[in-house]
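Here's the structure, in structure tokens; my notes come after.
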Amino acid sequence: MGANYLVQLAAEWYELQGFMVRRNISVAGPGKTGSVVLDVVAYKPEAGEIVHLEASMDSDSWQKRDKRFRAKFKAGQAYCDSLAAHMKKTPQISRCALLVYAKSARRQSLGGGKLLLMPQFLYEITQALSQRRVEKQIVPEHLPLMRTLQFVTEYREDLFARDWLF
């Protein structure tokens, strides 16, 4: 499942926040040769926001990652521009590289986009979900990963209690 899990997680997170989400979008590659698949493009026309997120579970070198993400973000530029053309106000386009296998306190960007490490991403999601009580604001069932994280967040004390016996 690998990167598909990350794509699903990111897509659900943005959808929960009210973005319209497209995933696995095939676009022309650099120089119009071949195609590139964009992982997630989320947009909120009324807010003037577009997010292009690329996710990876690789353990490649920073140099190799930078080259790959730069190419993906470049390929996604025309697609994001086409979305922007239909918005009433000029949107802010954010690019984000989501990585699982990386440790870097110094690096904040990758390939021209913001670097987001999995622990940071999960923290952002769980912080937001901790404000939603299951009995009052349950995550819609068509977002199963978000709903699971909401339950984990809601019941974390019981789940991680040391004296809990199953």
Side-chain angles (χ1 to χ4, degrees), residues 1-27 29-30 36-84 87 90-132 137 139-140 142-154 156 160:
M1 194 170 188
N4 291 336
Y5 169 80
L6 298 177
V7 169
Q8 178 74 18
L9 182 69
E12 286 188 25
W13 172 234
Y14 287 110
E15 186 174 338
L16 185 66
Q17 295 178 80
F19 284 81
M20 290 185 264
V21 179
R22 300 261 344 258
R23 61 184 105 176
N24 302 319
I25 306 157
S26 185
V27 298
V36 173
V37 176
L38 309 180
D39 289 341
V40 175
V41 176
Y43 55 103
K44 267 190 192 179
E46 67 284 354
E49 292 180 70
I50 298 174
V51 178
H52 173 190
L53 181 136
E54 290 296 327
S56 179
M57 291 186 67
D58 72 57
S59 56
D60 293 335
S61 70
W62 286 111
Q63 183 179 8
K64 188 171 181 179
R65 285 173 167 167
D66 191 70
K67 183 178 179 182
R68 185 176 69 251
F69 279 94
R70 191 167 303 282
K72 296 266 263 180
F73 291 141
K74 184 177 181 180
Q77 184 64 49
Y79 184 81
C80 291
D81 288 345
S82 71
L83 290 176
M87 293 184 173
T90 304
Q92 174 185 349
I93 300 174
S94 303
R95 289 164 188 79
C96 186
L98 174 61
L99 298 179
V100 173
Y101 302 115
K103 298 213 186 280
S104 175
R106 296 177 304 235
R107 186 179 281 270
Q108 295 183 3
S109 64
L110 184 63
K114 175 186 172 191
L115 175 60
L116 182 59
L117 303 180
M118 189 62 160
Q120 295 168 294
F121 191 52
L122 287 173
Y123 180 80
E124 178 183 332
I125 293 169
T126 56
Q127 283 302 109
L129 290 174
S130 71
Q131 305 303 310
R132 298 173 64 120
Q137 284 185 294
V139 170
H142 73 279
L143 304 172
L145 297 179
M146 289 299 108
R147 187 177 266 201
T148 299
L149 288 173
Q150 183 183 27
F151 280 118
V152 169
T153 302
E154 178 95 9
R156 69 181 163 270
F160 300 109

query: Which heavy-atom pair separates A75 from L38 by the least distance, and what is that distance?
result: C-CD2, 4.4 Å
message: Does L149 form a side chain to side chain contact (heavy atoms under 4.5 Å, CB included) with L9? I'd like the steps, not just the answer.
response: CA-CA 10 Å; L149 288 173; L9 182 69; 3.9 Å; yes
message: Among residues at least two apart in sequence or on other chains, which ones pass side-chain contact (heavy atoms from CB on, under 4.5 Å) with S130?
response: T153, R156
message: Just to verify, what does C80 make a side-chain contact (heavy atoms from CB on, under 4.5 Å) with, not counting sequence neighbours?
response: V41, I50, H52, I93
- request: Report the residues that fulfil side-chain contact (heavy atoms from CB on, under 4.5 Å) with F151, sequence neighbours left out, ordered by chain and then residue number.
  value: V134, I138, R147, Y155
C96 side, atom SG; F73 side, atom CZ - distance, nearest 0.5 Å: 6.5 Å
field: Qualifying residues under side chain to side chain donor-acceptor pair (under 3.5 Å), relative to R70, sequence neighbours excluded
entry: D66
message: Quick check for you: to the nearest 0.5 Å, what is the distance between L116 atom CG and L122 atom CG?
response: 9.0 Å
- line: On a heavy-atom basis, the closest approach of A11 and V40 is N-CG2, 4.3 Å
- prompt: Does E154 have any side chain to side chain donor-acceptor pair (under 3.5 Å) partners at least two apart in sequence or in another chain, and if so, which?
  reply: R133
Return a table of donor-acceptor pairs under 3.5 angstrom between the side chains of residues 16-26 and protein atoms on other chains or two or more places apart.
{"unit_1": "Q17", "atom_1": "NE2", "unit_2": "W13", "atom_2": "O", "d": "3.3"}
{"unit_1": "R22", "atom_1": "NH1", "unit_2": "Y79", "atom_2": "OH", "d": "2.9"}
{"unit_1": "R23", "atom_1": "NH1", "unit_2": "Q8", "atom_2": "OE1", "d": "2.5"}

Nearest non-hydrogen partners of S59 and R65, listed with the distance: CA-NH2, 3.6 Å
- request: Determine, stepwise, if the pair Y5 / M57 fulfils side chain to side chain contact (heavy atoms under 4.5 Å, CB included).
  value: CA-CA 10 Å; Y5 169 80; M57 291 186 67; 5.7 Å; no
message: Nearest 0.5 angstrom please: Y14 OH to L143 CG, how far?
response: 14.5 Å
query: When rounded to the nearest 0.5 angstrom, what distance separates NZ in K67 from CG in L110?
result: 14.0 Å
query: Could you walk me through whether L115 and W62 pass the side chain to side chain contact (heavy atoms under 4.5 Å, CB included) check?
result: CA-CA 11 Å; L115 175 60; W62 286 111; 3.9 Å; yes
- request: Can you measure from CZ (F121) to OG1 (T126) and round to the nearest 0.5 angstrom?
  value: 11.0 Å
- request: Could you tell me which non-hydrogen atom of R132 sits nearest to which non-hydrogen atom of Q150, and how far apart they are?
  value: O-NE2, 3.1 Å
- prompt: Quick one: does K72's side chain have a donor or acceptor within less than 3.5 Å of a partner on V37's backbone?
  reply: yes
statement: Looking only at heavy atoms, the pair that brings L53 and D39 closest together is O-CB, 3.4 Å
query: Under the salt bridge (charged side-chain N to carboxylate O under 4.0 Å, His left out) test, which residues partner D60, sequence neighbours left out?
result: R68
- prompt: For E15, which residues count as a salt bridge (charged side-chain N to carboxylate O under 4.0 Å, His left out) partner, sequence neighbours excluded?
  reply: none
query: Is there a donor-acceptor pair under 3.5 Å between the side chain of E54 and the backbone N or O of A97?
result: no
- line: side-chain contact (heavy atoms from CB on, under 4.5 Å) filter on S61, not counting sequence neighbours, yields Q63, K64
statement: Sorted by chain and residue number, the salt bridge (charged side-chain N to carboxylate O under 4.0 Å, His left out) partners of E12 (sequence neighbours excluded) come out as none
